[in-house]
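Lettering follows sequence order; numbering is per chain, from 1.
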There are 2 protein chains.
Amino acid sequence: MQQVRQVPKPDRQRLIASVVGRRRVGSQHELQDALRSAGCEVTQATISRDIRELGLEKSRDVLGRPRYVLPERGSRSDPRELLEAVLAQFGLRAMQAQNIVVVQSELGSAPAIARALDRVEHAKVVGTLAGDDTCLVITRDGAEAKSVAAELSAAIGG
Amino acid sequence: MQQVRQVPKPDRQRLIASVVGRRRVGSQHELQDALRSAGCEVTQATISRDIRELGLEKSRDVLGRPRYVLPERGSRSDPRELLEAVLAQFGLRAMQAQNIVVVQSELGSAPAIARALDRVEHAKVVGTLAGDDTCLVITRDGAEAKSVAAELSAAIGG
DNA sequence: ATACGGCGAGAATAACTATTCAGGTTTCGA
DNA sequence: TCGAAACCTGAATAGTTATTCTCGCCGTAT
């Protein structure tokens with residue numbers, strides 16, 4: 001595809017966040033127009049993807065008209081909180097076996113758990129490996145694995 | 001249309017709120033299935049209308065999957081706050097003329113302002129009448145009109 | 001240099017949601 | 001009781017958003 005001097009994605013997404021924060025935007029088409037006015041021509045498909053990546057939500061203004069809104073700040077910024085949230089919602093149990101911890105979770109959520117674990121950069125976690133409903137957490141030795149398993153179990157429990 | 005012993009609307013909407021509050025519902029079709037399981041058969045069109053009336057928002061869960069969520073409680077319950085919100089967002093100016101107050105507002109928002117005013121049941125307001133971008137507020141005399149105009153202007157200003 | 005792999009994007013299309021239209025029901029007065 | 005109006009709903013359809021498929025543009029490794 002002919003790439004002709006486009007606005008880089010991070011800039012575009014910042015632009016979107018800025019526009020949405022300033023005035024009511026009720027549809028992706030409308031947002032597309034706004035971006036065009038700002039000299040950024042993209043298709044609706046791209047905007048849809050940006051909106052997902054930014055975590056924008058479609059809410060309503062006081063008159064009940066649709067409106068995209070920026071997400072509440074909080075959990076999404078702190079990796080630790082994200083891990084807690086994902087485990088609480090999708091984790092089933094965490095078991096230690098030698099130097100690894102096996103985390104069972106709802107089908108499809110294991111990659112998210114692995115990603116969340118990676119982002120935390122836990123000192124005792126050497127690496128992770130996710131299937132569909134199972135996430136392996138590798139630690140250095142059995143003692144660390146035991147500690148991590150307890151930690152994860154706690155997050156799953158409550 | 002043959003109306004054969006349906007679940008009443010208020011009950012259905014409570015049911016929707018309950019279902020949405022309990023588990024993730026990612027689409028109206030999904031919600032339709034859930035309602036059917038609960039013995040309530042309705043079309044997607046009806047569900048769309050219910051969702052609007054309940055003020056539900058379409059957000060995402062931790063994994064980024066779509067999910068309807070109940071609105072934050074607050075402004076929608078207090079008529080006074082709603083009036084403030086609508087005026088702050090759409091009001092342009094309020095002027096007194098004899099015993100009436102003329103409120104200029106963004107195109108299309110006057111009916112919402114009139115409705116909000118009615119719901120407040122302000123002691124000095126006898127009645128309201130809305131066009132598209134103008135809302136007339138009737139009071140008993142010039143003094144009351146002046147007071148109301150000041151009040152509304154304040155709400156518009158900040 | 002060439003091949004491979006990942007990322008980002010557009011076009012087309014599928015999936016999903018809102019609205020319009022029309023018909024039936026209930027409510028409220030006269 | 002008899003309209004008349006407001007309300008509620010389903011069917012069809014319009015409008016909106018997500019996804020699939022494909023391709024070009026880099027990095028990196030061969």
Side-chain angles (χ1 to χ4, degrees), chain A residues 1-17 19-20 24-36 38-61 63-71 108 111 115 118 130, chain B residues 1-17 19-20 24-36 38-61 63-71 108 111 114-115 118:
Chain A
M1 201 139 288
Q2 263 302 64
Q3 296 283 76
V4 273
R5 196 74 357 248
Q6 303 235 141
V7 175
K9 178 153 98 153
D11 291 358
R12 186 185 60 230
Q13 295 193 344
R14 261 193 300 282
L15 181 55
I16 289 176
V19 168
V20 163
R24 189 186 71 95
V25 178
S27 77
Q28 300 184 1
H29 234 69
E30 208 175 315
L31 186 49
Q32 188 176 21
D33 290 347
L35 294 188
R36 182 162 37 240
C40 172
E41 304 229 354
V42 289
T43 60
Q44 174 265 324
T46 296
I47 291 177
S48 171
R49 289 184 275 248
D50 285 344
I51 283 180
R52 162 178 293 263
E53 284 167 27
L54 288 169
L56 262 49
E57 302 175 6
K58 196 168 191 179
S59 178
R60 286 175 237 290
D61 72 1
L63 267 58
R65 297 177 303 187
R67 157 163 209 173
Y68 282 105
V69 298
L70 298 162
R115 245 177 292 129
D118 289 344
Chain B
M1 199 144 291
Q2 261 303 63
Q3 295 286 75
V4 272
R5 212 20 65 215
Q6 305 234 141
V7 175
K9 180 154 97 153
D11 291 358
R12 187 186 59 232
Q13 294 192 345
R14 260 193 301 281
L15 182 55
I16 290 175
V19 167
V20 163
R24 188 186 72 95
V25 178
S27 77
Q28 300 185 358
H29 199 78
E30 207 174 317
L31 186 49
Q32 188 177 22
D33 290 346
L35 293 189
R36 182 162 36 240
C40 173
E41 304 229 353
V42 288
T43 60
Q44 173 267 323
T46 296
I47 290 176
S48 172
R49 289 184 275 249
D50 284 344
I51 282 179
R52 163 178 292 263
E53 284 167 26
L54 287 169
L56 261 49
E57 301 174 7
K58 197 169 190 177
S59 178
R60 288 176 234 288
D61 71 3
L63 267 57
R65 297 177 302 187
R67 158 163 209 174
Y68 283 105
V69 298
L70 298 162
R115 245 176 293 131
D118 288 345

Without decimals, in angstroms, what is the distance between [X] [atom1] and [N] [atom2]?
| X | N | atom1 | atom2 | answer |
| --- | --- | --- | --- | --- |
| Ile47(B) | dT19(C) | CD1 | P | 16 Å |
| Leu56(A) | dA18(D) | CG | C1' | 15 Å |
| His29(A) | dA14(D) | NE2 | P | 16 Å |
| Glu57(A) | dT17(D) | CD | P | 15 Å |
| Asp50(A) | dT17(D) | CG | P | 14 Å |
| Leu31(B) | dC16(C) | CG | C1' | 13 Å |
| Gln32(B) | dT17(C) | CD | P | 11 Å |
| Arg65(B) | dC16(C) | CZ | P | 14 Å |

Would one find a side-chain N or O of [X] under 4.0 angstrom from OP1 or OP2 of [N]?
| X | N | answer |
| --- | --- | --- |
| Thr46(B) | dT9(D) | no |
| Arg52(B) | dT19(C) | yes |
| Lys9(B) | dC7(D) | no |
| Ser48(B) | dT17(C) | no |
| Tyr68(A) | dT17(D) | yes |
| Gln44(A) | dA9(C) | no |

Select one nucleotide: of [options], the one nearest the side-chain heavy atoms of [X].
| X | options | value |
| --- | --- | --- |
| Thr43(A) | dA18(C), dG10(C), dC16(C) | dG10(C) |
| Ser27(A) | dT16(D), dA18(D), dT20(C) | dT16(D) |
| Arg49(A) | dT20(D), dT19(C), dA18(D) | dT20(D) |

Side-chain (Glu30(A)) to main-chain (Gly26(A)) donor-acceptor, under 3.5 angstrom:
yes
Taking Arg60(A) for its side chain and Glu57(B) for its backbone only, find out whether a donor-acceptor pair lies under 3.5 Å.
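Answer holds: no.
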Separation of Ile16(A) CD1 from Leu56(A) CG (nearest 0.5 Å):
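If I round to the nearest 0.5 Å, the distance is 8.0 Å.
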How many angstroms lie between CG in Leu31(B) and CD1 in Ile51(B), if you round to the nearest 0.5 Å?
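One finds 5.5 Å between CG of Leu31(B) and CD1 of Ile51(B).
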Can you find a side-chain donor-acceptor pair between Gln28(B) and Gln44(B) that sits under 3.5 Å?
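Yes, side-chain donor-acceptor contact under 3.5 Å.
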Would you say the base of dG8(C) and the side-chain of Arg12(A) have a donor-acceptor pair closer than 3.5 Å?
no
